Peer 1: 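Here it is, the structure in full.
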2 protein chains.
Amino acid sequence: MTVTETETADEAVEPDVCTTGEAPHPQPDGRDRYTISEVAAICGLSAHTLRWYERIGLMPHVDRSHTGQRRFTNRDLDWLGLVGKLRLTGMPVADMVRYAELVREGDHTFPERHQLLVTTREDVRHRIAELQETLAVLDFKIDTYAAARRLPERPERTA
Amino acid sequence: MTVTETETADEAVEPDVCTTGEAPHPQPDGRDRYTISEVAAICGLSAHTLRWYERIGLMPHVDRSHTGQRRFTNRDLDWLGLVGKLRLTGMPVADMVRYAELVREGDHTFPERHQLLVTTREDVRHRIAELQETLAVLDFKIDTYAAARRLPERPERTA
DNA sequence: CGCTTGCTTGGAGTGCACTCCAAGTTCGTA
DNA sequence: TACGAACTTGGAGTGCACTCCAAGCAAGCG
């Protein structure tokens with residue numbers, strides 16, 4: 001419910017906006033135009049990767065300065081935040097590009113976007129469950145090693 | 001504590017055994033020699049991948065029939081179960097090979113193995129936390145789309 | 001015995017997600 | 001204005017984890 005409070009609330013609901021429900025990107029000094037290396041530093045991707053994301057359509061066409069250099073906006077940063085989260089889920093880049101295309105296509109793709117996110121959410125829940133099973137296995141094996149350390153076959157308790 | 005009951009309990013603690021704390025592999029009819037395609041069907045890896053695992057040292061040298069064909073044991077199946085779990089964590093194959101080497105090297109590698117598993121466990125906990133954050137973001141965005149559906153910009157409630 | 005299916009090997013090929021290169025342009029500061 | 005750092009592009013290269021191929025051997029069946 002901590003919705004962006006700095007936003008001009010002229011639109012009530014706009015799901016294609018890049019917001020993730022977290023505070024919008026920290027705007028160090030109210031700026032809204034970042035160079036590629038600044039963005040790389042902020043979001044942890046390389047400049048190479050950012051250019052590549054744009055080339056393949058995973059970024060919604062970044063604005064340019066009058067000399068042709070990229071100038072990323074806070075909105076771009078928010079989008080990259082969402083992309084980063086989706087990437088953590090293991091979603092293939094191609095699927096994220098698909099989502100980006102749907103956003104560009106306009107409001108009539110809301111249902112498909114909704115469906116894509118719901119499916120992804122199920123995947124994430126499944127992965128969490130898998131990881132928790134794995135955690136149990138690791139706990140078991142770590143206990144086993146700890147037990148072996150307490151009861152060594154050749155006692156070396158003094159060493 | 002549900003340790004293998006079919007095992008000749010001549011060793012009290014044996015961490016390098018492949019057991020994962022779960023029941024040992026279901027032995028359909030008490031067999032202990034499986035062909036490569038049977039193992040592929042059981043553990044969901046391709047025969048190609050199983051051969052590759054052996055080649056790179058991720059399998060502890062599979063036994064052969066008198067004509068040179070692979071014959072996997074229940075113990076191999078259990079090891080593959082552990083490998084599968086570790087793979088789910090995103091652990092690189094090279095690290096799993098390292099673990100397999102430690103197992104082959106003998107008991108004196110217990111501490112390093114223990115450390116490797118503890119580190120992996122921390123990674124897994126971290127990934128679970130990341131995924132849960134991602135889940136929160138997905139919930140937020142899905143809610144947003146659901147709200148957009150309830151309040152469409154061009155009302156089409158009858159359609 | 002012949003046929004089909006499955007297994008063996010080393011090595012080559014694939015798909016993904018970057019990651020880097022070369023050659024040229026622009027920015028910021030001394 | 002000069003200079004090094006940062007930026008631009010298309011295209012090529014890298015590393016990982018498989019995935020497949022070709023040529024040949026082996027097993028079961030009519």
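The shown structure was predicted, so the numbers you read here are calculated from the model rather than taken from an experiment. Just so we're on the same page: letters track the sequence lines, and every chain starts at 1.
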Peer 1: Locate the shortest heavy-atom distance separating A:L88 from B:L131; write the atom from each residue and the value.
Peer 2: O-CD2, 3.7 Å

Peer 1: Roughly, in whole Å, what's the span from CD1 in B:I36 to C1' in C:dG6?
Peer 2: 10 Å

Peer 1: Minimum heavy-atom separation for B:R75 to B:D32, with atom names?
Peer 2: N-OD1, 4.5 Å

Peer 1: Parallel, tilted or perpendicular: which describes the rings of B:Y99 and B:W79, with under 30° parallel and over 60° perpendicular?
Peer 2: parallel

Peer 1: Over how many whole Å does the gap from A:R64 atom CZ to D:dT9 atom C1' extend?
Peer 2: 10 Å

Peer 1: Over how many whole Å does the gap from A:D63 atom CG to D:dC7 atom P extend?
Peer 2: 16 Å

Peer 1: Are any of the side-chain nitrogens in B:E54 or B:R70 under 4.0 Å away from the carboxylate oxygens of its partner?
Peer 2: yes

Peer 1: Heavy atoms under 4.0 Å is the rule here; annotate nucleotides 12-21 of chain D 5' to 3' with B where the base is hit, S where only the sugar-phosphate is, and - elsewhere.
Peer 2: -----SBBB-

Peer 1: Extract from the structure each pairing of a protein N or O with an N or O of nucleotides 24-29 of chain D at less than 3.5 Å, listing the distance.
Peer 2:
from   : atom 1 : to    : atom 2 : distance (Å)
D:dA27 : OP1    : B:T67 : OG1    : 3.2

Peer 1: State whether A:R127 and B:E130 are salt-bridged, where the test is any N-O pair (Lys NZ or Arg NE/NH1/NH2 against Asp/Glu carboxylate O) under 4.0 Å.
Peer 2: no

Peer 1: Is any side-chain heavy atom of B:L116 less than 4.5 Å from a side-chain heavy atom of B:D95?
Peer 2: no

Peer 1: Between B:T119 (side chain) and B:Q115 (backbone), is there a donor-acceptor pair under 3.5 Å?
Peer 2: yes

Peer 1: If the threshold is 4.0 Å, N to carboxylate O, is there a salt bridge linking B:R125 and B:E122?
Peer 2: yes

Peer 1: Rounded to whole angstroms, how far apart are CG on A:L50 and C1' on D:dC7?
Peer 2: 13 Å

